[in-house]
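Structure, as structure tokens:
Convention: sequence-line order gives letters A, B, ...; per-chain numbering from 1. Heavy atoms only: backbone and side chains are in, while hydrogens, waters and symmetry mates are out.
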Amino acid sequence: MQLKVLQEIINKKKNKSEFAIVTNLETSSSEIFELNKPISKNFEKYKDQINYFYKNKKNGVIEDTNIFVETYIRPIKVIIVGAVHIAQYLINYAKSLNFEIAVIDPRGYFATEQRFPGMKILNKWPDEAFKEIKTNSNTALIALTHDPKIDDPALQHALKKKFYYIGALGSKKTHANRCQRLTEAGFSNDEINLINGPIGIKLGGKSAPEIALSIIAQLVAETYKK
Amino acid sequence: MKNSFDEKILEEAYDWVKANQKVVLATVIQTWGSSPRPTGSRMIVNENGDFSGSVSGGCVESAVVRECIGIIKDNKPFKKIEFKVSNESAWEVGLACGGEIAVYLEQVN
């Protein structure tokens, strides 16, 4: 692989683009494939097969050829509402899994640089913050404040935008009250049941890093169910 | 949805090259049976035998490192190697899990 191509790949990953790397195994020359962009003559006759791998998010050698295709998809975006203790641990797990992370908390005393070094925190109410973040069905929401004023607008946004994972911290009782409020706000039972509450898989731990682990484990499991 | 849990190996390869090291990318390009890591899994190796990432569960990494150092020494741009089921009675490199993998080695140039 040429260094130039390697650098291009890294830039594309940084910009969260979706693309594929195509390599001719007989020459080790590689180039980047992007949807609706021209591809060089060397790979032109494989365009349909490359497209097939790309669309199916597959890696592999195209049958009866020496062309290897490797696809890169956009990282999953995880929005954490509540710059609380658990969030500090969640961010570390989420980073090592290459999630793209955004933290929202309107309470300035939580959302500080000292507590979240190098992390961009949206010090706004969810309704305002969501105007700045592009979201879609490839986005996940983790609501951690268990304060209805902050969590509820975020949960409503996530349900409307059909996030693939929605989780909310709080006891069974807190969650039942939350479901009641969402019903009153006009959401159906099927929609409300999409919320993972109480959040996380059962590990038994009660400490902040243990709860963060149980949340991230549930998030990864849900990612593969899609 | 397929996972996007990327391991940032290519980024590391780039840093190594920038630090004036010779770097070989080793990528799993084909698998058969119960191979330990999926197609697209990758490790990088430099001329000193330092490596990062993986192409199996630790079964064949030492052989891959040797092969990578070999192509740097011989100044070969690339090489394809295959690993099959290991014979447990022999002291050899192979996949204890019973799968087969093809690994493509290529120098960054």
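The backbone N or O of A:N138 lies less than 3.5 Å from a partner atom in the side chain of A:N136, making a donor-acceptor pair. Put simply, the side chain of A:N24 gets close to the backbone of A:E26: a donor and an acceptor are under 3.5 Å apart. Proximity of a side-chain donor or acceptor of B:E106 to a complementary backbone N or O of A:M1 within less than 3.5 Å is detected. Formation of a donor-acceptor pair under 3.5 Å by the A:E8 side chain with backbone atoms of A:I32 is not found in this model.
In this view, B:T31 and B:V28, B:S35, B:T39, B:I101 satisfy the side-chain contact (heavy atoms from CB on, under 4.5 Å) rule, not counting sequence neighbours.
Interface remark: of the candidates A:I21, A:L25, A:V69, A:V5, A:L25 forms the most heavy-atom pairs closer than 4.5 Å to chain B. Looking only at heavy-atom pairs under 4.5 Å with chain A, the residue among B:L25, B:V108, B:I29 that has the most is B:I29.
For residues 13-24 of chain B, heavy-atom neighbours of chain A at less than 4.5 Å comprise B:A13, B:Y14, B:V17, B:K18, sorted by residue number.
At a 4.5 Å heavy-atom cutoff, A:T71 makes no contact with chain B through either its backbone or its side chain. The contact between A:I9 and chain B is made entirely by side chain atoms (from C-beta outward), counting heavy-atom distances below 4.5 Å. If you measure heavy-atom distances from B:Q107 to chain A, the contacts under 4.5 Å come from the backbone alone. Residue A:E70 touches chain B through its side chain alone, counting heavy-atom pairs closer than 4.5 Å.
Salt bridge annotation for A:K12-A:E18: absent, with no cationic side-chain nitrogen under 4.0 angstrom from a carboxylate oxygen.
No more than 12 heavy atoms of other residues, nucleotides or ligands lie within 6.0 Å of CD in A:E63, so this atom counts as exposed by the packing criterion.
A:L169 places none of its side-chain heavy atoms less than 4.5 Å from the side chain of A:V84.
Note on ring orientation: taking the six-membered ring where Trp is involved, the planes of A:H157 and A:F130 are parallel (angle under 30°, cut-offs 30° and 60°).
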